[in-house]
2 protein chains.
Amino acid sequence: MARARSEERRAEILRATLEVIAERGYRGATLGAVAERVGLTQQGLLHYFPTKEALLVAVLEDRDRWDTGGGGGEEGAWRLELLGSLVEYNAMRPVIVRTFSALLGESVTEDHPAREFFTRRYTQVRAGMAATLRAEYGDTLPGGLSPERAAVLLVAVMDGLQYQWLLDPEAVDMPGAFGDFLGLLKGPEAPS
Amino acid sequence: MARARSEERRAEILRATLEVIAERGYRGATLGAVAERVGLTQQGLLHYFPTKEALLVAVLEDRDRWDTGGGGGEEGAWRLELLGSLVEYNAMRPVIVRTFSALLGESVTEDHPAREFFTRRYTQVRAGMAATLRAEYGDTLPGGLSPERAAVLLVAVMDGLQYQWLLDPEAVDMPGAFGDFLGLLKGPEAPS
DNA sequence: CGAAACCTACCGTGCTACCGGTAGGCGCGT
DNA sequence: ACGCGCCTACCGGTAGCACGGTAGGTTTCG
């Protein structure tokens with residue numbers, strides 16, 4: 001029972017950390033703020049995660065499990081049609097989007113603990129997307145690009161849209177815009 | 001001479017600030033680090049810019065002048081072909097790209113002093129792009145999108161590519177990828 | 001002389017992290 | 001059955017540092 005309670009606590013803490021990072025970024029986040037949100041003192045929090053950085057990597061690993069686990073096949077093999085739904089899903093989870101957009105932004109700075117994570121993650125995701133595209137369209141997409149080159153753009157559009165959407169949700173229809181892009185990739189439809 | 005020297009100093013300071021933000025982000029940047037880089041004490045620095053935030057807005061205004069001034073017409077009317085060159089130019093200025101990518105990332109957090117700047121800036125840039133696209137292609141792009149919808153994607157691709165490129169410059173050919181996207185926008189070429 | 005351009009000294013705050021507790025539960029030997 | 005010791009889950013105190021910012025000088029130049 002104590003063990004279960006402990007796991008539960010850790011999950012609470014991770015959720016709270018996610019929120020706090022969404023609000024202030026990693027550098028702006030403080031152990032005290034996270035602790036307060038789960039009803040602990042800062043010292044109690046450090047009992048579960050020995051350092052601030054440990055907390056961050058736990059959040060990152062959590063995410064990693066989540067979207068390599070739910071993604072279907074082994075190497076992040078998203079079905080192409082499902083990508084649109086993913087974006088729609090994200091549009092309903094602004095906190096998570098904010099967290100990872102903030103972290104991505106910070107991660108390009110020096111010695112940031114999330115940098116390696118994101119670097120590796122993006123190469124994986126690009127490879128996965130490229131594989132999916134190749135499986136679906138062969139070596140040349142309808143738009144004329146190779147799967148690898150299209151994959152870079154696909155990822156770029158997803159990230160870039162998130163920033164515009166976070167800054168001004170009213171002005172940017174994220175899922176719609178992503179759909180537009182998918183349309184471009186698929187090339188000009190023959191009939192109607 | 002003192003006046004000239006002063007202006008010169010301020011320019012030095014802004015350049016140093018840009019560098020420090022590129023390395024540590026705004027929140028991670030410290031007045032001491034900026035001061036050291038221009039050979040001042042932290043208090044000497046505060047003589048020129050009374051607060052840390054004043055320093056940031058100066059950097060932002062500087063950028064604003066730069067790329068509304070150099071952009072050609074009034075409302076950021078970039079010629080479409082020049083966008084490719086801009087991306088190539090950026091690929092040679094990693095420090096600036098890093099600075100603004102880091103700031104963009106931070107700006108989605110709460111109470112960030114750059115948030116309003118980015119929000120306004122993006123609406124402007126989108127509008128400018130849309131105007132350019134409309135001038136060049138009319139109300140429907142070859143790819144089938146309206147100028148406004150294409151503008152969102154254009155901006156998203158530029159930003160998204162920057163992050164991938166900053167994290168792994170070897171793996172991502174930023175100008176090439178952007179060229180690919182422009183190709184998609186322009187739709188399938190008729191002849192060859 | 002007077003203003004601009006600094007510097008030295010200092011303050012208050014906030015943050016991470018360590019040290020040393022304490023309270024309760026649980027196994028274990030006798 | 002029961003007490004002993006250990007483990008988990010915390011909290012109070014605080015060290016140690018870095019940061020942003022203020023106050024008040026001092027040099028330097030016109």
Side-chain angles (χ1 to χ4, degrees), chain A residues 1-60 102-103 106 109-114, chain B residues 1-60 102-103 106-107 109-115:
Chain A
M1 203 215 296
R3 264 259 132 63
R5 179 119 192 121
S6 177
E7 274 317 299
E8 198 179 308
R9 262 279 200 248
R10 292 176 67 96
E12 268 184 77
I13 290 173
L14 289 184
R15 201 178 46 80
T17 306
L18 208 81
E19 288 175 18
V20 172
I21 293 181
E23 288 165 18
R24 335 249 288 221
Y26 172 67
R27 282 204 165 100
T30 126
L31 295 179
V34 176
E36 193 188 15
R37 203 158 301 206
V38 289
L40 278 181
T41 60
Q42 183 205 116
Q43 298 80 351
L45 175 63
L46 285 174
H47 168 70
Y48 289 94
F49 298 92
T51 68
K52 189 184 172 182
E53 191 172 326
L55 203 49
L56 176 65
V57 309
V59 168
L60 260 24
L103 284 178
E106 283 184 58
T109 63
E110 279 169 13
D111 300 324
H112 195 281
Chain B
M1 204 212 301
R3 264 262 132 63
R5 179 115 192 122
S6 176
E7 272 318 297
E8 199 179 308
R9 261 280 200 250
R10 290 176 68 96
E12 267 184 78
I13 290 173
L14 289 184
R15 200 179 46 80
T17 306
L18 208 81
E19 287 175 19
V20 173
I21 293 181
E23 288 164 18
R24 337 249 287 222
Y26 172 68
R27 283 203 164 100
T30 125
L31 293 179
V34 176
E36 192 188 18
R37 203 159 300 208
V38 290
L40 279 180
T41 58
Q42 184 202 112
Q43 296 77 0
L45 174 64
L46 286 173
H47 169 69
Y48 290 93
F49 298 92
T51 69
K52 189 185 174 183
E53 191 172 326
L55 204 48
L56 175 65
V57 308
V59 168
L60 260 24
L103 284 177
E106 282 185 58
S107 75
T109 63
E110 278 169 14
D111 300 323
H112 195 280
R115 175 150 202 179

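Below, read A as the first sequence line, B as the second, and so on, with proteins coming before strands; counting in each chain starts at 1.
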Checklist line | Between CD on residue A:E106 and CD on residue B:E106, distance to nearest 0.5 Å | finding: 6.0 Å
Item checked: Sequence-distant partners of B:A58, side-chain contact (heavy atoms from CB on, under 4.5 Å), two or more places apart -> B:L14, B:F49
Next item on the list: Evaluate the side chain to side chain contact (heavy atoms under 4.5 Å, CB included) criterion for residues A:L40 and A:R9: first the C-alpha distance (whole Å), next the side-chain angles of each, then the deciding distance (0.1 Å), finally the verdict.
Entry: CA-CA 10 Å; A:L40 278 181; A:R9 262 279 200 248; 3.9 Å; yes
Item checked: 5'-most by nearest nucleotide on DNA chain C - A:R27 or B:T41 -> B:T41
Each nucleotide N or O in nucleotides 21-23 of chain D that has a protein N or O under 3.5 Å away: list the pair and distance.
residue, atom, partner, partner atom, Å
D:dG21, OP2, B:K52, N, 3.0
D:dG21, N7, B:Q42, OE1, 3.0
D:dG21, O6, B:Q43, NE2, 3.0

Notebook entry, point to check: Whole-Å distance between C:dA5 C1' and B:E7 CD?
Noted result: 14 Å
Next item on the list: For residues 30-43 of chain B, pull every pair meeting side chain to side chain donor-acceptor pair (under 3.5 Å), keeping only residues two or more places apart or in separate chains.
Entry: B:E19-B:R37, B:E23-B:R37
Check: Among residues 11-21 of chain A, which residues get a heavy atom nearer than 4.0 Å to DNA chain D?
Finding: none
Next item on the list: Tell me which nucleotide among D:dC11, C:dC6, C:dC7 gets nearest to the side chain of B:H47.
Entry: C:dC6
Check: How many Å lie between CG on B:L40 and P on C:dA4, as a whole number?
Finding: 17 Å
Notebook entry, point to check: For B:A54, which contact category applies under a 4.0 Å heavy-atom criterion: base, sugar-phosphate, or nothing?
Noted result: nothing
Next item on the list: Please name the pair of heavy atoms, one in A:P50 and one in A:L46, separated by the smallest distance, quoted to 0.1 Å.
Entry: O-CD2, 3.4 Å
Checklist line | Spacing between B:L55 atom CG and D:dG20 atom C1', to the nearest angstrom | finding: 12 Å
Checklist line | Residue that, paired with B:Y26, satisfies side-chain contact (heavy atoms from CB on, under 4.5 Å) out of B:L55, B:V20, B:L103, B:V59 | finding: B:L103
Checklist line | Pairs touching residues 46-56 of chain A that satisfy salt bridge (charged side-chain N to carboxylate O under 4.0 Å, His left out), sequence neighbours left out | finding: none
Note to self: For B:T109, give me all partners under side-chain hydrogen bond (donor to acceptor under 3.5 Å, both in side chains), at least two apart in sequence or on another chain.
What the structure shows: B:R27
Next item on the list: For B:A35, answer base if it contacts any base atom (sugar-phosphate contacts may also be present), sugar-phosphate if it contacts only those atoms, and nothing otherwise; contact means non-hydrogen atoms under 4.0 Å.
Entry: nothing
